[in-house]
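Reviewing the structure listed below.
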Amino acid sequence: MKKEKKTHALLFLLMLHFTSGQSDYAPYFYDNGPSSTNGNMALFSVSEDTPVGTQIYVLNGTDPEEDPVRYGLTFEKGSTEYFRVDPKSGNVTLIQELDREKQDEISVHVSITDGRNKVVETVRVFVTDTNDEPPEFLNLPFIIDVPEDTAPGSSIYKVQAVDKDMGSGGSVSYYLQTSPFTKFTIDGHSGILRVKPGETLDFETTPTHFVTVVAKDGGGKYKGKHQVLTSTATVTINVIDSQDMPPYFVGTPYFGYIYEVSVPGSEIYTVYAKDGDQGNPNPIHYSIINGSDGVFDINSTSGCITLTTFPSLLKNELYEIKVKASEVGPNNELQDYDVTTVTVRVVDLNNHPPTFYGENGPQNKFEVTMYEHPPAGEILRGFKITVNDSDQGANAKFKLRLVGPSRVLRVVPQTVLNEAQVTVIVEDTSGIDYEKGPTLSFKLLAVEIDTPERFSATADIVINLLDTNDNIPKFTSEYYIARVPENSPGGSSVSSVTANDPDSGSWGEVKYTIYGSGSDLFSINASSGLITTQPWTSLDAEVRSKYNFYVKAEDSEGKYSLAEVFVTVTDMNDHAPEFDEVLVEKTMIIGTPVKIEAMDEDAESPNNVIEYSIMTADPDNAFDINADTGEIKLKPYIKSMEIVQNITKQKDCKWSVVVQARDRGSPSFSTTAVVNIDITEATPLKGPMAAFLMKSRDNPLKALGMVTFIISVLVGGTVLISTAMYMRNSKSNRIMPARRIIKRRPRDQQPLTFKIPVIKFTNPGERFLITDPESSLQQETGSLRLKPPPPIAPCLPPPPPSNTRPNERPRAVPTISGALASKGSKKAKSSRRKEGNISSALVSELKMKLEQKMDGYRYPVP
């Protein structure tokens, strides 16, 4: 039984677990109402002025099993997508600008899912209005016609505008833009346009009026601020003319003339009148009401006044005719009118134009030949010109004018009555230039002044110029710059100069010559101006690279000009680099480079720029060379003599290098030199003198001079001390009491000595080295590897025999020691002998001289 109960319980638990595992509930949205900003967006409202990118809502829901949910948001196919949702947070963002006037309601599918179940809901989002639309006028453009006799206060038009916004933003009111001359007013609510009370319209004064109407909405919120939007429209008001103005004559006063050749029916003058009401004009009727004396008639339609008799029958020379212009009404009745006066004068006929005459009668062309550049004010006497007008009085008055190059010539007189002799005078001599043109042409005009016909006459004035030599040859440039390669053969072309002389004939022919301090090597073709080198010239940029000289351009009469020529001899790579010696001996201290230098006699870069390289070396791969400076140094791994000796397998450390020096010219030249390098190792140095000599190792003469100076100072000091001792002894050599005190010098007393640092002189290619004998000796004894001991000063020679008195105390003699250091040898003793040969002789000789001087000095016994 117990077993069966346990089995039933186990089955029950399994079924319960299975049942609970199969249950899965769908997630759902929270419905928080339309005023909430989170939930399922049902009936959510968003303002149309919300900026793009604003978070406007949060989708919010849950899953019964508390599984994480994700959100989605979609739109109908083909519709604009205004929102986007973050799947995890549910944040809804505006991604498209809203416009309520285009779409005030948006349908959205929102979804929530737990990964297994998905719930989709369709919600509506409402777009709320803001005041973002200005009023819009209807029935544009506004063009109306209004009679000019419209009564003040009458309505003439109604404008209408609508606003798409809602509420106060959609209400519209009207007003006119302020103008001090406006004759109209508008009703703010209805938009009815009226003629302003007390104002009248006048077509003749202002036929068209332009009125600007402003439509304003009631204002509203937009992006958090209150704003009022307006629109404007122009109303064009055309005033229709009414018959309220009389006619008027155009172009008054009127003057007419009767000439001697006139006949009956000849036209004297035509008057013209217009109706004052231009918008709706009436026909005009013309008539003569007074002053015609029966000799004039007028056409009633055209207003043309004509002569009715012959001029010879006229009794007066002046007539004043009264002419009337009347409007013709609809029934052909004459209405308003205007009257004007036409003045008619009887005059002689101007029937003779001015005429030019030469020596042989009428002539229209006058020609003269002369030299260029006559003096200003000169009369051109070659012209014989007369001008005449056969009319009388005002008809015979005319002006003379010369048309052509400005201000070159002038004519007198300028005003003529009937007849005059014409004189042509030079005003601007520079304008009469053969080089500008061999011929000058002018027009001589005679034009009547006071006649209506303005008769005129013309004549051609032609001046043929003869050339003079008034120009100097002129170079095309003030200076010429030329370049010629060195080593060019004689007769090579350098440059070409050009000078122009605009004169004609032989005056325009130019001859070239050359002169100046730099012209000896050059020549110039007298005709072409081609500059070449002399046949024997050999140009060398290394000797001289710059030349300048003058060229002269001269015409046949000796007029000339100069130009300067600058010639640069360009360098050619015609020199190979050269070493001072083909076999160079150098001594190299490990860690310090040696320098080899070659010279290139070319004048310019890159021909004289040298690059150094190692061609071969023994041993190989032991040296590096600086390609620019020629400094040779050991490879970085060679740091001691031990490494050097390991490479050579012998104690002889003299290596050789074949160095090539190559220039950078084209073609490139090179040369080689063998450099024998003796490898040595620097001896440690101490003391200020050592430091100085190390600094001056690149200048052996400087170090030698310093050593010489020190020796001179020591010798001078010794002489000074000796002189002082001598003076003291001289004062002490007097007779003293007969008693003597003998003092003996201690045996261990050392003679007074002066020592200077030992100086090593090597061959000129090496640096100077300075050592301290004592320290060198200590270093030798402490070093495992034997080094040649530094040289020491030679021992003093035995003192020469002297008659030293018993009571005299022996005196120490100052000593000076110096040695020249050379390369280490196998034996220190032989090294000392060799190194000290020169210095020992010098020092010994110096000591002997000092001892001889001091031999006579004796210390007196007190």
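The side-chain hydrogen bond (donor to acceptor under 3.5 Å, both in side chains) test applied to Q177 returns no partner, not counting sequence neighbours. Listed by chain and number, the residues in a salt bridge (Lys or Arg N to Asp or Glu O under 4.0 Å) with K183 are E199 (sequence neighbours excluded). When the side chain to side chain contact (heavy atoms under 4.5 Å, CB included) test is applied to N290, the partners found at least two apart in sequence or on another chain are K322. Contacts of D129 classified as side-chain hydrogen bond (donor to acceptor under 3.5 Å, both in side chains), with partners at least two apart in sequence or in another chain: R100. Qualifying side-chain hydrogen bond (donor to acceptor under 3.5 Å, both in side chains) partners for R194, counting only residues two or more places apart in sequence or in other chains: none. In terms of the side-chain hydrogen bond (donor to acceptor under 3.5 Å, both in side chains) criterion, T252 has no residue partners (sequence neighbours excluded).
Residue pairs meeting the ring pair (Phe, Tyr, Trp, His ring centres under 6.0 Å) criterion with at least one partner in residues 285-332, sequence neighbours excluded, are F296-Y319. Residue pairs meeting the salt bridge (charged side-chain N to carboxylate O under 4.0 Å, His left out) criterion with at least one member in residues 48-58, sequence neighbours excluded, do not occur. Residue pairs meeting the side chain to side chain donor-acceptor pair (under 3.5 Å) criterion with at least one partner in residues 161-170, sequence neighbours excluded, do not occur; the list is empty.
Considering OH of Y222 and CG of N131, their distance stands at 10.0 Å, rounded to 0.5 Å. Taking CD from E105 and CZ from R124, the interatomic distance works out to 4.5 Å, rounded to the nearest 0.5 Å.
Looking only at side-chain heavy atoms (C-beta outward), Q335 and P330 come within less than 4.5 Å of each other.
No hydrogens or angles considered: a donor-acceptor pair under 3.5 Å links the side chains of N91 and Q55. N395 and E448 are not linked by any side-chain donor-acceptor pair at a separation below 3.5 angstrom, with hydrogens and angles left out of the test.
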Expected list for residues 184-191: side-chain donor-acceptor pairs under 3.5 angstrom, two or more places apart:
unit_1, atom_1, unit_2, atom_2, d
D187, OD1, H189, N, 3.0
D187, OD1, S190, N, 2.8
D187, OD1, S190, OG, 3.0
S190, OG, I192, N, 3.4

Tell me which donor-acceptor pairs under 3.5 Å the side chains of residues 417-426 have, and how far apart each pair is, sequence neighbours excluded?
unit_1, atom_1, unit_2, atom_2, d
N418, ND2, D389, O, 3.4
N418, ND2, D391, O, 2.9
E419, OE1, N388, ND2, 2.7
Q421, OE1, T386, OG1, 3.1
Q421, NE2, I385, O, 3.1

Report all side-chain donor-acceptor pairs from residues 134-155 shorter than 3.5 Å, counting only partners two or more places apart or in another chain.
unit_1, atom_1, unit_2, atom_2, d
D145, OD1, N238, ND2, 3.3
E148, OE1, F203, N, 2.8
E148, OE2, S242, N, 2.5
T150, OG1, P147, O, 2.7
S154, OG, A151, O, 2.8

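More than 12 heavy atoms of other residues, nucleotides or ligands shown are found within 6.0 angstrom of CZ on F383. Within a 6.0 Å sphere centred on CE of M370, other residues, nucleotides and ligands contribute more than 12 heavy atoms. Atom NZ of K196 has more than 12 heavy atoms from other residues, nucleotides or ligands within 6.0 Å.
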Dump the intermediate steps for side chain to side chain contact (heavy atoms under 4.5 Å, CB included) on E97 and D99, then the final yes or no.
CA-CA 7 Å; E97 187 174 328; D99 189 350; over 6 Å; no
Evaluation steps, side chain to side chain contact (heavy atoms under 4.5 Å, CB included), between V271 and F249:
CA-CA 7 Å; V271 297; F249 283 96; 4.1 Å; yes
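Ring geometry for Y269 against Y254 counts as tilted: the plane angle lies between 30° and 60°, on a 0 to 90° scale.
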